[in-house]
Amino acid sequence: MNTFDPSLLFRTVDVAGVLANGLLGALVARRMRFDIIGFLFLAILTGLGGGMLRDVLLNTRPVAFTDPLYLAGAVTAAGVGYLLVFKGHWVGRTLTFLDMLALGCWSATGTIKALGYGLDLLPAILLGVLTAVGGGMIRDVVTGRIPVVFGGNTLYASVAIIGAIESLLLTSVGYPNVAMAASIVTCSVLGLLAHRYKWTLPRKGDGG
Amino acid sequence: MNTFDPSLLFRTVDVAGVLANGLLGALVARRMRFDIIGFLFLAILTGLGGGMLRDVLLNTRPVAFTDPLYLAGAVTAAGVGYLLVFKGHWVGRTLTFLDMLALGCWSATGTIKALGYGLDLLPAILLGVLTAVGGGMIRDVVTGRIPVVFGGNTLYASVAIIGAIESLLLTSVGYPNVAMAASIVTCSVLGLLAHRYKWTLPRKGDGG
Amino acid sequence: MNTFDPSLLFRTVDVAGVLANGLLGALVARRMRFDIIGFLFLAILTGLGGGMLRDVLLNTRPVAFTDPLYLAGAVTAAGVGYLLVFKGHWVGRTLTFLDMLALGCWSATGTIKALGYGLDLLPAILLGVLTAVGGGMIRDVVTGRIPVVFGGNTLYASVAIIGAIESLLLTSVGYPNVAMAASIVTCSVLGLLAHRYKWTLPRKGDGG
């Protein structure tokens with residue numbers, strides 16, 4: 001009798017992603033010398049903004065408001081990021097690792113949810129990617145920066161696109177759980193390699 | 001026989017808040033030398049943006065579009081702010097006073113509406129605060145500034161949090177009208193004191 | 001027997017508008033030296049952002065996700081804008097022309113759709129204008145600029161207001177197709193004249 005329920009694992013990854021992204025938001029708040037309100041807003045926007053964008057565009061109530069764990073996770077991240085100073089190699093590495101797990105998890109969740117709402121292939125991929133990178137984009141815009149995913153950073157949104165396409169294919173043939181797992185593995189491996197070896201996309205400018 | 005209907009009073013405060021915040025938006029438009037289009041957008045976004053954010057996140061039609069008074073109020077504020085120059089102590093004081101009334105009114109409205117839609121405690125507080133400070137945040141972002149509520153200004157969002165928690169408690173025990181009144185009184189008194197005595201939250205930065 | 005179906009013509013204008021605005025977004029991406037991800041986001045936000053804003057505020061699923069042609073058009077524009085360099089008078093003129101066609105088309109679409117959802121006059125005009133200029137506003141904000149429609153550029157949002165009011169009047173008396181056509185003609189003629197002769201609105205600042 002197999003009693004393993006994969007959804008518990010995915011939920012753990014999901015909430016770990018909210019915590020990690022919330023902490024990444026709090027780090028930005030610290031760099032900009034915000035007060036606790038700024039820490040709260042940045043943790044909430046970074047950790048939950050992508051899913052909120054997806055749900056608003058799907059015309060459904062954001063899961064960030066219906067599942068109490070999400071907002072609690074983001075608020076916790078804000079508090080921890082406010083009280084503690086995160087320094088050192090291993091803290092950074094752990095946050096990057098959790099961020100990459102979340103990238104794969106969220107691009108899969110977004111794509112699968114969009115397909116469940118009857119959306120076409122291209123919109124489903126877009127919503128998967130938006131779930132994964134939307135929170136960071138909002139964080140960048142509200143702190144007066146141009147979203148880093150637009151150019152110049154190591155592969156991130158492009159990794160989410162791969163995860164979303166993978167999720168789309170595996171979900172279409174009837175394996176949403178495999179899709180989740182595959183997207184998490186693919187995105188974290190590719191994302192960490194890109195981060196480690198500084199893989200970037202070429203920038204296209206007036207000069208080239 | 002008591003014929004006093006408190007909802008009329010709350011509606012007056014609400015529309016006065018739209019006018020005051022619309023004028024505050026128009027003042028920013030004047031400072032940035034916008035044309036009438038810029039005045040209109042800033043008055044609408046500042047006066048109605050918080051409620052729009054709340055309603056979009058609650059997945060319901062924004063009340064700014066269903067109640068004709070709201071948009072008319074914001075457009076009027078844009079016109080008045082365009083035609084007249086507001087100067088002097090008393091104009092500033094009146095606007096600050098109305099802004100603080102609106103802060104309490106909107107944090108209560110947002111919280112109570114979110115509870116009415118079945119949301120949990122933490123999301124209800126967040127939506128109350130977002131209703132109160134969201135318009136100003138949007139105004140700041142679209143004019144290229146970092147939202148002042150993130151740090152460095154006198155207590156504002158934190159006052160809205162107090163109003164929202166108060167509204168939550170009083171609404172849970174069955175007194176939404178008392179909640180509205182209490183939030184308006186608390187937020188305007190605390191907000192004006194904070195403004196007068198320059199109460200701020202500590203900023204948390206890499207240096208401290 | 002009249003078999004002419006005006007909706008095909010309007011759809012052509014609509015998709016041409018997505019392509020033109022997507023290309024205008026890609027031009028900004030090129031100027032800012034983004035990578036392909038940045039080109040995709042800017043083309044999608046510029047070409048489809050206005051309609052997404054409208055549909056989110058109307059509390060309905062964005063048509064950008066339900067009609068596959070829209071997203072395909074924006075992605076195509078991103079690809080073309082990434083691969084080809086657009087230079088010269090005639091390219092600029094063609095893009096400006098298509099942009100002005102879209103301005104009229106979208107202010108009419110937005111107004112008529114809002115009326116169809118039972119909205120009042122002022123909200124319907126606002127949603128018409130937002131459909132027409134919202135994509136450009138989002139593009140400006142995410143690239144760290146203050147929306148050009150707020151002041152200093154040639155007439156654009158004000159032309160959309162005229163198109164929206166015209167659409168409102170003609171739709172109220174029962175002629176939505178005439179409204180579409182009239183708005184497209186009015187906005188493209190006025191918009192191109194304003195562009196050609198540099199018509200602007202007066203800027204209202206502390207100095208005047």
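Chain letters run A, B, ... following the sequence lines, proteins first, then strands; residues in each count from 1.
Taking 4.5 Å as the limit, some side-chain heavy atom of Ile161(A) sits within range of a side-chain heavy atom of Ile37(C). Between Val133(A) and Phe41(C) the shortest side-chain heavy-atom distance falls below 4.5 Å. Counting heavy atoms from C-beta on, the side chains of Phe39(C) and Lys204(A) come closer than 4.5 Å.
Residue Thr60(C) holds its OG1 atom at 6.0 Å from CG of Asn59(A), rounded to the nearest 0.5 Å. One distance of note links CG of Leu40(C) with CZ of Phe150(A); it measures 10.5 Å at 0.5 Å rounding.
Taking a 6.0 Å sphere around CZ of Phe97(A), one finds it holds 12 or fewer heavy atoms contributed by other residues, nucleotides or ligands.
Using a 4.5 Å cut-off between heavy atoms, Val142(C) touches chain A through backbone and side chain atoms alike. With a 4.5 angstrom heavy-atom cutoff, Val141(A) touches chain C only via side-chain atoms. For Leu121(A), no part sits under 4.5 Å from any heavy atom of chain C, backbone or side chain. For Tyr117(A), the parts lying under 4.5 angstrom from a heavy atom of chain C are both the backbone and the side chain.
Of the listed residues Ala114(A), Gly144(A), Gly151(A), Pro147(A), the one with more heavy-atom pairs under 4.5 angstrom with chain C than any other is Gly151(A). The choice from Gly118(A), Pro202(A), Gly152(A), Ala124(A) that makes the most heavy-atom pairs within less than 4.5 Å of chain C is Pro202(A). Between chain A and the residues Tyr70(C), Tyr82(C), Phe34(C), the largest count of heavy-atom pairs under 4.5 Å involves Phe34(C).
Across Pro68(C) and Asp120(A), no two heavy atoms sit closer than the pair CB-OD2, 3.3 Å. When every heavy atom of Arg33(C) is checked against every heavy atom of Arg203(A), the shortest pair comes out as O-NE, 2.6 Å. Residues Leu119(A) and Arg61(C) share a closest heavy-atom pair of CD1-NH1, 3.5 Å. Closest approach of Met32(C) and Ile146(A) over heavy atoms only: CE-CD1, 3.3 Å.
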